Amino acid sequence: MSSNHPTTLLAEITHRCPLHCPYCSNPLEMIRGDGELTTEDWKRVFTQARQLGVLQLGLSGGEPLVRSDVEELATHAHALGLYTTLVTSAVGLTRGRAEKLREAGLEHIQISIQDSDHAVADRIAGMSAVRQKLSAAAIVRELGFAFSINIVLHRANIDRVGEMIELAASLGADRLELANTQYYGWALENRNALMPTRAQVAAAADVAEGAMRRHRGRMQIVYVLPDYHESYPKPCYGGWGKHYLVVAPDGRTLPCHGATHITTLRFDSVRDHALGWIWEESPAFQAFRGEAWMQEPCRTCPRKAIDFGGCRCQAFALTGDATNADPVCTLTPLRTIIDRALQEAEGPPAYRYRHMSLQRERR
Amino acid sequence: MQLTGTSVPVLWRLARLDFDPVRQQRVLLYPEGVVLLNDTGAAVLDLCDGRRSVADIATVLQERYHGDVTADVIDYLSRLVERELVRVE
């Protein structure tokens with residue numbers, strides 16, 4: 001199966017993060033600081049990515065700002081012509097660093113907000129970061145960055161979606177991503193506590209739709225659907241190994257940040273291979289390109305051209321076989337897994353907080 | 001928003017046109033997104049300077065493409081307006 005040019009690289013430059021959000025998309029087994037790629041490694045990866053056709057770069061984590069070389073990486077990315085986004089909690093985004101990032105040519109900053117209710121925000125983050133976020137938002141705005149806010153929606157905050165939209169507007173965001181929790185990594189671990197009810201989801205969708213019309217032309221609102229509550233799966237990143245790649249802190253390169261779930265695949269590292277070889281030739285990127293891997297009902301389903309059978313990572317995480325249909329799809333009997341999860345998601349939430357010291361426990 | 005000949009389109013503040021030497025193609029870049037442009041799409045967007053109206057743009061392109069392209073320009077820009085990548089004054 002031949003590959004085309006990727007458009008987007010998500011560089012997870014670290015897993016270290018001061019926050020402990022129980023819906024973090026990082027894997028349960030995180031990479032420690034001494035296992036991270038060096039500055040020179042990352043610069044080489046960005047150069048190779050641009051040569052491969054990547055146009056969009058996300059500097060993400062963990063919290064990317066725990067690394068002191070973000071400015072140097074942003075400078076390098078800008079020189080390559082990449083459109084670069086810093087994906088940050090805003091903890092560590094001081095005026096000094098923001099100014100240096102602006103000089104470096106960084107174009108876009110995305111700040112996460114946990115909740116408009118400060119007490120709940122602190123409870124989710126496992127720390128008090130609200131004040132730093134609000135002050136960083138003002139700096140980002142003032143320095144003229146393109147400014148996005150990302151809010152992950154879950155059972156404990158989704159009822160305040162209207163309030164959170166107005167908060168984002170008052171902070172001057174150009175874009176607001178309202179991302180219903182996707183159940184990978186820590187979020188899958190905490191699924192029962194995070195899953196909203198059907199009534200909550202329907203009410204929030206109505207509020208978001210109204211707000212999209214109201215804020216049109218000033219703040220773009222992107223609403224990421226709660227896939228468990230949908231009838232068909234999401235077309236994950238436009239297909240496996242088609243447009244998108246992720247480099248983890250240790251250099252392992254993935255077709256999607258959830259792919260480490262798929263324990264039957266071995267992901268090659270930019271420490272051992274050129275990014276171009278990994279994209280074009282490596283077994284993991286070849287695994288689910290095209291349609292040859294599909295089972296029924298996907299194989300003969302007309303929707304395979306729309307959603308490519310859904311998310312491979314979700315199929316593996318929930319069924320143990322990454323070639324199955326994404327169980328979100330109501331056309332597969334595997335859907336009972338999702339329906340059961342929706343039913344089980346009752347009762348009071350009990351979070352398992354993202355924490356790096358849990359790494360040893362898992363071994 | 002219905003686009004007409006007198007509408008004045010302008011690129012979203014956060015979007016910028018660029019040339020990708022890898023694909024040998026013009027591209028529109030914006031937060032979290034890329035549009036790969038064909039020659040005519042790029043020609044239309046190059047003229048979206050916040051001063052020219054849709055009719056002005058069509059007039060310029062008419063000379064280049066020999067024919068009335070107003071409907072095509074409206075159709076193309078309407079799709080980008082729908083995606084909030086082009087704003088209309």
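Quick caveat, the model's predicted, so the values are computed rather than measured. Worth knowing before you read on, the calculation uses all heavy atoms, side chains too, and leaves out hydrogens, waters and symmetry mates. Order of the sequence lines fixes the chain letters, A, B, ..., with proteins taken first and strands second; residue numbering starts at 1 for each chain.
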For atom CG of D39(B), decide whether the heavy atoms of other residues, nucleotides or ligands shown that lie under 6.0 angstrom number more than 12.
no
Rounding to 0.5 Å, atoms CZ (R16(B)) and CD (E107(A)) come to a distance of 4.0 Å
Closest heavy-atom pair, V22(B) versus R50(A), reported as atoms and distance to 0.1 Å, is CG2-O, 3.2 Å
Looking only at heavy atoms, the pair that brings G33(B) and Q56(A) closest together is O-NE2, 2.7 Å
Value for CG (L55(A)) from CG (L36(B)), rounded to nearest 0.5 Å, stands at 7.0 Å
Interatomic distance, CG@L14(B) vs CD@Q220(A), rounded to 0.5 Å, equals 8.5 Å
Bottom line for T8(A): the part with an atom under 4.5 Å from chain B's heavy atoms is neither
Minimal heavy-atom distance between Y30(B) and Y83(A), with the atoms involved, is C-CZ, 3.8 Å
**Study point:** Atom NZ of K234(A) with >12 non-hydrogen neighbours under 6.0 angstrom
**Key:** yes
For H78(A), is the NE2 atom crowded, meaning more than 12 foreign heavy atoms sit under 6.0 Å from it? no
Applying a strict 4.5 Å limit to non-hydrogen atoms, the region of L82(A) in contact with chain B is backbone
Whatever's closer than 4.5 Å to a heavy atom in chain B on Q51(A) counts as backbone
Nearest heavy-atom approach of G217(A) to E84(B) is N-OE1, 3.7 Å
Output for pair (E32(B) CD, E177(A) CD), nearest 0.5 Å, gives 5.0 Å
On a heavy-atom basis, the closest approach of R87(B) and R218(A) is NH1-N, 4.1 Å
Looking only at heavy atoms, the pair that brings H108(A) and P31(B) closest together is CE1-CB, 3.3 Å
Counting heavy-atom pairs under 4.5 Å with chain B, the top scorer among T85(A), V222(A), D174(A), L52(A) is D174(A)
